Student: 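The structure follows.
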Amino acid sequence: MKDQVLKKFADIFGGEGDIRTYFAPGRVNLIGEHTDYNGGHVFPCALTMGTYAAARKREDRNLRFYSMNFEQEGIIETSLDDLVYKEEAGWTNYPKGVFWAFGEKGFSVPRGMDIVISGDIPNGSGLSSSASLEVLIGVILRDMFDFDVSQIEIALIGQFSENHFNGMNCGIMDQFASAMGKKDCAIFLNTADLSYEYASVKLNHAKIVITNSNVKHNLVGSEYNVRRQQCESALRQLQNVVDIQTLGDLDIEQFEQYQSSIADPTEQKRAKHAVYENQRTLQAVSALKENNIKAFGKLMNDSHVSLRDDYAVSCPEMDILTEEAWKVPGVIGSRMTGGGFGGCTVSIVENDAVDSFIEKVGAAYEKRTKIKADFYVVDIGDGARTL
Ligand code: GLA
């Protein structure tokens with residue numbers, strides 16, 4: 001992929017000068033969904049799939065972007081003096097947002113750039129192609145202009161740009177996973193204080209299989225922000241009766257004791273998910289450390305049910321995928337992953353059941369929805385870097 005991006009760069013922008021290449025991965029979250037803006041824990045891993053770039057500084061203040069995933073759009077031009085969100089700027093709002101966010105954080109970018117992008121994360125699949133693009137631009141800017149920012153700061157700047165430039169009120173999980181990923185490990189991250197630890201997920205007898213439902217309902221952004229508001233409202237009501245900073249501060253017993261202080265039953269369910277999912281994540285990481293993969297898988301299944309019933313961010317297609325997965329012998333656990341309303345499920349499947357999993361779930365899904373699913377048996381890779 002690196003060679004293809006370099007070649008395309010030479011074709012589009014010319015091959016002379018100091019052209020450098022970079023990579024930032026996508027992510028899959030194993031458990032801990034919709035907890036990252038509730039002060040809870042998450043457990044994502046970086047994939048070996050991700051977004052590549054070739055980039056070169058310019059003498060002037062122009063920015064020229066070209067994506068090999070959207071070749072029909074050609075070169076998209078803007079400038080450091082026009083870093084504002086524009087609907088018609090499409091995907092380039094993500095890189096533009098990061099240029100803008102660096103400036104906001106005191107790292108004003110002095111010169112324009114030419115950048116060619118190419119990704120192998122299926123677009124809109126919920127595997128964080130946009131977060132990987134943000135983190136990628138962060139790594140490029142640090143390297144090209146010697147900005148003194150850490151990988152975690154790059155993740156935070158990416159999140160800041162997504163929140164304030166692109167208007168998606170996401171948490172820190174996706175950018176953190178893309179920046180801080182580690183081969184064969186998941187990241188056990190406490191989003192309340194960004195403390196984290198790596199946990200090995202080198203599963204000897206099983207594989208991580210991602211199933212792409214190939215649907216994306218356009219509720220994603222709007223409903224996401226609604227869920228966030230519902231959790232914030234529930235938190236405010238709980239704070240009248242118990243001294244907490246976030247929903248992640250509550251254990252299950254406390255939640256059961258205080259939940260009646262949340263007036264609206266829908267908000268009660270949303271808060272319940274946030275609290276229980278956080279506790280499930282803590283239990284799942286302990287189970288993994290004790291090599292109890294079965295317990296881990298059961299918690300994944302419970303996570304899906306909670307996302308479906310209490311948090312209401314699943315959709316019929318993802319429910320069918322998990323339902324069919326749970327039927328297949330050798331499936332240890334399966335759940336929707338990411339923000340929801342389409343995208344992917346993640347399953348842990350015993351090695352010798354992977355083929356029958358793909359065959360059975362694929363056939364049943366197609367029969368019930370008339371849609372073909374895609375399957376990726378994935379490897380866990382390292383975080384964003386210069387190539
Ligand atoms: C999206 C957001 C993340 C996280 C997940 C749900 O991927 O970008 O911050 O909230 O949804 O867990």
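We count ligands from 1, going down the list as the structure has it; atoms in each ligand are counted the same way. What you see is a predicted model, and the numbers here were worked out from it, not measured in a lab. Numbers for residues simply follow the sequence, beginning at 1.
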Student: Any nitrogen or oxygen of Ser128 lying under 3.5 Å from a nitrogen or oxygen in ligand 1? Just yes or no.
Tutor: no
Student: Give the atoms of ligand 1, by number and element, whose distance to some non-hydrogen atom of Gly171 is under 4.0 Å.
Tutor: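 Every atom of ligand 1 under 4.0 Å from some heavy atom of Gly171: 9 (O).
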Student: Is there at least one pair of N or O atoms, one from Met168 and one from ligand 1, spaced under 3.5 Å apart?
Tutor: no
Student: Between Lys372 and Glu366, does any NZ, NE, NH1 or NH2 come within less than 4.0 Å of an OD or OE carboxylate oxygen?
Tutor: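 Counted as a salt bridge, because a side-chain N and a carboxylate O are separated by less than 4.0 Å.
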Student: Please determine if Lys272 forms a cation-pi arrangement with Phe255, meaning its NZ or CZ atom is less than 6.0 Å from the six-membered ring centre and no more than 45° off the ring axis.
Tutor: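 No.
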Student: Ligand 1 and Thr35, any nitrogen or oxygen pair closer than 3.5 angstrom?
Tutor: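 No; the residue has no nitrogen or oxygen that sits under 3.5 Å from a nitrogen or oxygen of the ligand.
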Student: Are the side chains of Leu189 and Met173 in touch, meaning some heavy atoms are under 4.5 Å apart?
Tutor: no
Student: Could you check atom 1 (C) of ligand 1 against the protein and tell me its nearest heavy-atom contact, residue, atom and distance included?
Tutor: Asp174 OD2, 3.6 Å
Student: With heavy atoms of Tyr224 as the reference, note each atom of ligand 1 found under 4.0 Å away.
Tutor: 1 (C), 2 (C), 3 (C), 4 (C), 9 (O), 10 (O), 11 (O)
Student: Check step by step if ring pair (Phe, Tyr, Trp, His ring centres under 6.0 Å) holds for Phe176 and Tyr196.
Tutor: CA-CA 10 Å; Phe176 198 97; Tyr196 66 97; 5.5 Å; yes
Student: Closer than 4.0 Å to some heavy atom of Cys170 - which atoms of ligand 1 meet that?
Tutor: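 That gives atoms 2 (C), 8 (O), 9 (O) of ligand 1.
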Student: In the protein, what heavy atom is nearest to atom 9 (O) of ligand 1, and what distance, to one decimal place, separates them?
Tutor: Asp36 OD2, 2.6 Å
Student: What is the minimum heavy-atom distance between Ala353 and Pro329, and which atoms define it?
Tutor: CB-O, 3.5 Å
Student: Hydrogens and angles aside, do Arg270 and Gln229 bring a side-chain donor and acceptor to less than 3.5 Å of each other?
Tutor: no
Student: Could you point out which residue of Gln259, Glu267, Gln268 forms a side-chain hydrogen bond (donor to acceptor under 3.5 Å, both in side chains) with Gln237?
Tutor: Glu267
Student: How does Arg27 reach ligand 1, if at all, at less than 4.0 Å between non-hydrogen atoms: by side chain, backbone, both, or neither?
Tutor: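 The answer is the side chain of Arg27.
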Student: Could you tell me which atoms of ligand 1, counted from 1 in the order shown, lie closer than 4.0 angstrom to a heavy atom of Met173?
Tutor: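 Those of ligand 1 that fall under 4.0 Å from Met173 are 4 (C), 5 (C), 12 (O).
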Student: Do Tyr37 and Leu307 share a hydrophobic cluster, counting only Ile, Leu, Val, Met, Phe, Trp and Tyr and linking them when any side-chain heavy atoms are less than 4.5 Å apart?
Tutor: yes
Student: Could you list which atoms of ligand 1 come closer than 4.0 Å to a heavy atom of Tyr37?
Tutor: 10 (O)
